[in-house]
Trainee: 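Provided herewith is a single structure, encoded as structure tokens, for subsequent inquiry.
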Amino acid sequence: MVELMLTLVLQRLLWSLLVFALVAVVIFVLLELLPGDAATAYLGRTATPARTAQLRERLGLDRPAVVRFAAWTSGVLRGDFGTSLARRAPVATFLWVRLRNSLLLGLLATLISVPLALLLGVLAGLTRDRWPDLLLSLLALFSISLPEFVIGTLLIFSFSLHFTLLPAVTLVDAAAPLAELLPYTVLPTATLTLMLSGYLLSLMRTSIIDALRSEHVQMARLKGLPPLRVLLWHALPGALAPVVTASAMIIAWIIGNLVVVEAVFNYPGIGTLALNAIQDRDLPMVQAIVLVLAGCHLLINLLADLLTLALNPQLRTLRMR
Amino acid sequence: MNACSLQIDQLSLGYRTQSGQVLPVVRAVSLTLGAGETLGLVGESGCGKSTLGMALLGHLRSGNALLGGRVLVGGADVFQLERGALARLRGQQVAFVPQNASQALTPTMRLGAQATEALTLHLGMDLVAAQRQVLDLFERLRLPQAAALLRRYPHELSGGQQQRVVLAMALVRRPAWLILDEPTTGLDVITQAHVLQLLQTITREQGTGMLYISHDLEVVAQVSARVAVMYAGELVEVAPVAMLFADPNHPYTSGLLAALPHVSGQRLPAPIPGQPPALHEISPTCAFAPRCSFVTRQCHAHAPPLGPSAGPLGLAEPLLPGTVPAASIHLVRCHHAQHVATVRSSARANGAGPPALPPSSQTATHEPLLVLHEVRVSYARPSLIERVRRIPAAPATVDNLSLVVHRGETLALVGESGSGKTTLLRAIAGLKAVEAGRMSFGATDLMRSVDQRPHEVRRAIQIVFQNPDASLNPRQTIAQILAQPLRLYFGLTSARCRERAGALLERVRLAPYYLERFPGQLSGGEKQRVAIARAFAAEPELVLCDEVISALDVSVQSAVLELLNALQAEQRVAYLFITHNLAVVRAIADRVAVLYHGRLCEVGPVAGLAEPPWHPYTATLLGATGVLAAATRPMLARDRADPAPPARGCPFQRRCPHHLGPICDEESPPWQELVTGRRICCHLKL
Amino acid sequence: MLGLLFLAVHLLLAALSPLVVPYDPVAFAGGAAFAPPSAAHLFGTDNLGRDVFTRTLLGGRVALLITLAGIGLAVAWGGLLGMVLGLVGGWLDEALMRLVDAMLAIPETIFLLLIAGIVGTDHVVLILALGFLYGVGVIRIARTATLTLVAQDFVLAARARGEHQHTIVLRELLPNVLDMLLVEGALRWSWMLLAFSALSFLGFGVAPPTPDWGVMIAQNRSTFGIAPWATLFPSAAIGSLIIGINLFVGVLAKAIGLDRVDGITV
């Protein structure tokens, strides 16, 4: 049993590592496929043949692609993500602190929205087609249909311009201690929470409705069990598993796509770093950011996979028969 | 144990459609059962029997509504009970056993927790005592490793084991009433026989009353004292079992009995024409009139009442309204009950009925058509990890199988689910590669894959699948479905295809307007006819039939069998007919092959099958089908279906009641030939 | 039905609005900047005194054009490749699916920003980028659907008859896969619209002064306190379009029998 679990966990871990390695290849190839290279991109219209050649040499772009890929990956493995062209400093000096700030947003939003949305989703499922469900479903529809920059703008107007309760944009340095950063996370977190909750609520609602319609829940009712026990023991555990997988995909997606929310609030996260790097055409920086975010994506999905494994005995003991 | 009566009084239930219309599902059903009585409720799918069953626990499925009447358990109306009392009723007095155990068990809970929760909640038992009781029942129900089972999850059990767990879950509460909704329908015949026997013993001991719901008259007859027949939401006949079988008074009951394939008689079961009405089609007068051969103008004008039958017991005492009918009274809802009874008894006296021998015996030859020689097929391929870790591969799904199908004959291949029947069929069809051995068809060798076979061979071998819902493309019309083989094999133009498709529909007795329909608009039996028509469009020489009737209603099953026989007589086609039901075999096959774990146990003509000796496995199968007298029915030595066949020796070694010792485990048994031409593969001296 | 109505109105406006708008969308409209809604300017004017009503009516055209072309492209190539992979199986399928996993791990917005930033915001470039990116997600959906279908008896029956591979794909599989691709495509279209409007918002989509909802919101949100109409009307426009699509997806899924309670899947 323990051995089986260990094998399964190890198997999933190895797959994730393999995919991560593939991500590195894909990023590298994509950047190769774009017209021009880091030097021409960075110099843009100011490029002269002489300056381009000089920068190429400094960046080692005159070497063959395979060699450059090897150099990049071996650097990444040592924690060296290259040098930012625009900021003229190692990428890593900006990367980790910005990632910390972004993960803080993601974590806060997840911690608030997951319990809230799952609870409301169950409520909606239980009151299917009656007013609590209709109200919640309508809210969810709005939440998944409005772009994040609209939600963010409305929040800014309501809470910082109209009531002047909260800061609209971040005014502290990216490397500030978390405590100082915290007040600035309120509105971005609220925006993310609204976005996430809509999806999670709908997922949970669908899943619990399916579960409540299932034969084993009907059977539990026919055994004369009290409704709460039917819900908590017979309906909910099975209904949670698909929601966990899907939630993880959404959360991973949101973390990778924080750019817009961070830009709305000018929050010093990895998204705004990416936006600035693209505006500066700073390819080494972009390359590093994409790799790190892809890593986060895979990690979150891996965690969800393991959580599902724990929730679903059918997967856990599949090979035991 | 709290004995109490169960009374259903003019119960009417309806189904509310999306447009707000209320359609009748159960129509004014009245039944009274005394404490400890057993009643079988019989009817085809959609007749309202399951809805009725759940209503006895005060449960209505979503969309269903109570239209009138009462259900009294020990005098209390279940629909008037407040929530707590209803929960106690379900927990202590009336227990429900569902059809589909694999769906009815909560997949995320351990079996122990599921089985004990009702005991600890309703009977205030402590967990240890509850577990002991559950364990006791598990053991009595012959569940293997009962103690370990408490910590298992449902998916780790086989279907038969799951069904017994569900049964134990209900029995352990010692309810006054057990409502069973097709509890054995998904099971193999052998497991079914076991479960029924155990069920009977335990309920008799506990004094539990039973309402046994099933579409299968024979199963019902085994477990209940009285039978109620339901049609289109109404009771049409209620009588003690023996009386109902001997003297059915309602044309529907009579039809159902005639539709049963019977192991002892080699006759083709007679189908009931037509199909049960959909909810919105139910006539307010006699609902059976459209399918009835006794129908008169009276039947369409007046609804017949449920009254005492014409038989001796029916007239014994006149019924006063409101009086409780005694358990021995025979009730029937038909204007012509007396007529039905006389016609039937005279028909039996004359020995009339469908032909005594299957028509295929007229077409059967000794010219080999399909020859299998020591064929081996494996289903599971070892995964990369298993190969790296050198885990020995499981024995092949089908092994060392030699078999001949002659031109124009019907060979039945019998075995339980998991016996490799379908795997073998797919190998013959070229959908699954054979690992070893040879297959030939006529004069040509059969290539492993259908893609490599000559066009002519592909045309000559056709396949009909078990489930017509899945075997017809939902997005094609019947005309398109039938046109495909015609275009592929004969290169017909669209206009010619249509013409031929119409003719084919006629041959399977479907009207031409079906050409424009989609499979979703057809009933199960009609879909299977289309699937058969598609196979015959190729003008085949061999048709592989994979459990073609097991997904259909009883009254429709026999019609499909009859169709297959008629087509065989017309076209001299050979059938390889796969089934788990020995009774069907007797009705349509010339020869039979018995398969266990992908290895043959016995091959021979059907004619001598009723007489011993048999292979021990065949004997068990026959016993489960009810051919042998109850006392001589063999039980399996071990009640455990192993997922993989044994690597050496006899395939039946683990469950054989006549296990001889190491020889059975180590050496492959020899083939022994009987004078009747039957060949048996066994170490026993026959 | 409400969803269909929203969608129809939006598509109709996108097609016909150039004929009916009262003002030049890019020019000063004659009134003051930040003028509140009035009879002359139904939705008021923006920071440059342009008519918000005119710009809102026109503001979805580019987005609709690009995303419709993009989603068509995505469903076509992703659907086709997914079906082929589901049919072929084997190591090719295994390898390409890992590649799909890798592609899906790459943050979508940054990928789009990068293409737009380096290659340019030409319509064709954006269509190709969106179509490629969203097609990757479609591959997996189409493959799963195909795998489910291939195991069905009606496909087995066709194989047993010895039908050609292309007959099986075209007659047996495609009609069934198309249903599902239609629903998934519509759902992904709404995601693509959101992504595209975000691009515009960040300055990498539609180039000013062409009217576009994302651009309008980006330009006017800093003056929300003075002239909320300049932000609110384009917001309502994009919101109603996406709501319309989401409702439509629900109806579509139910009609086809893909019974997802709300049509929300990932």
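What you see below is based on every heavy atom in this structure, not just the backbone, and it leaves out hydrogens, waters and symmetry mates. Protein chains get the first letters and strands the later ones, always in sequence-line order, with residue 1 at the start of each.
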Trainee: So which of C:Thr167, C:Val155, C:Asn176 has the largest heavy-atom pair count under 4.5 angstrom toward chain B?
Mentor: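 Among the listed options, the one with the most contacts to chain B is C:Asn176.
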Trainee: Do the side chains of C:Glu172 and C:Arg161 get close enough for a salt bridge, i.e. N-O under 4.0 angstrom?
Mentor: yes
Trainee: Taking B:Tyr514 as the fixed residue, which of B:Val508, B:Thr477, B:Leu522 is the one that meets the side chain to side chain contact (heavy atoms under 4.5 Å, CB included) rule?
Mentor: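 With B:Tyr514 as partner, side chain to side chain contact (heavy atoms under 4.5 Å, CB included) holds for just one option, B:Leu522.
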Trainee: Tell me, for B:Gln476 versus chain C, whether the close heavy atoms (under 4.5 Å) come from the side chain, the backbone, both or neither.
Mentor: side chain
Trainee: Could you check whether the rings of C:Trp213 and C:His10 sit parallel, tilted or perpendicular, using 30° and 60° as the cut-offs?
Mentor: perpendicular
Trainee: Based on non-hydrogen pairs under 4.5 Å, which of B:Gln466, B:Arg534, B:Arg459 is most in contact with chain C?
Mentor: B:Arg534
Trainee: Examine whether an atom of B:Arg453 lies under 4.5 Å from a heavy atom of chain C, and if so say whether it belongs to the side chain, the backbone or both; otherwise answer neither.
Mentor: neither
Trainee: Counting distance only, does the side-chain N/O of B:Lys421 pair as donor-acceptor with the main-chain N or O of B:Gly415 below 3.5 Å?
Mentor: yes
Trainee: Which residue out of B:Ile463, B:Leu472, B:Asp451 racks up the most heavy-atom pairs below 4.5 Å with chain C?
Mentor: B:Leu472
Trainee: Taking B:Glu539 first and then B:Arg500, would you say they form a salt bridge - that is, a charged N and a carboxylate O separated by under 4.0 Å?
Mentor: yes
Trainee: Please state whether the side chain, the backbone, both or neither of B:Gln462 comes within less than 4.5 Å of a heavy atom of chain C.
Mentor: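 Only the side chain of B:Gln462 comes within 4.5 Å of chain C.
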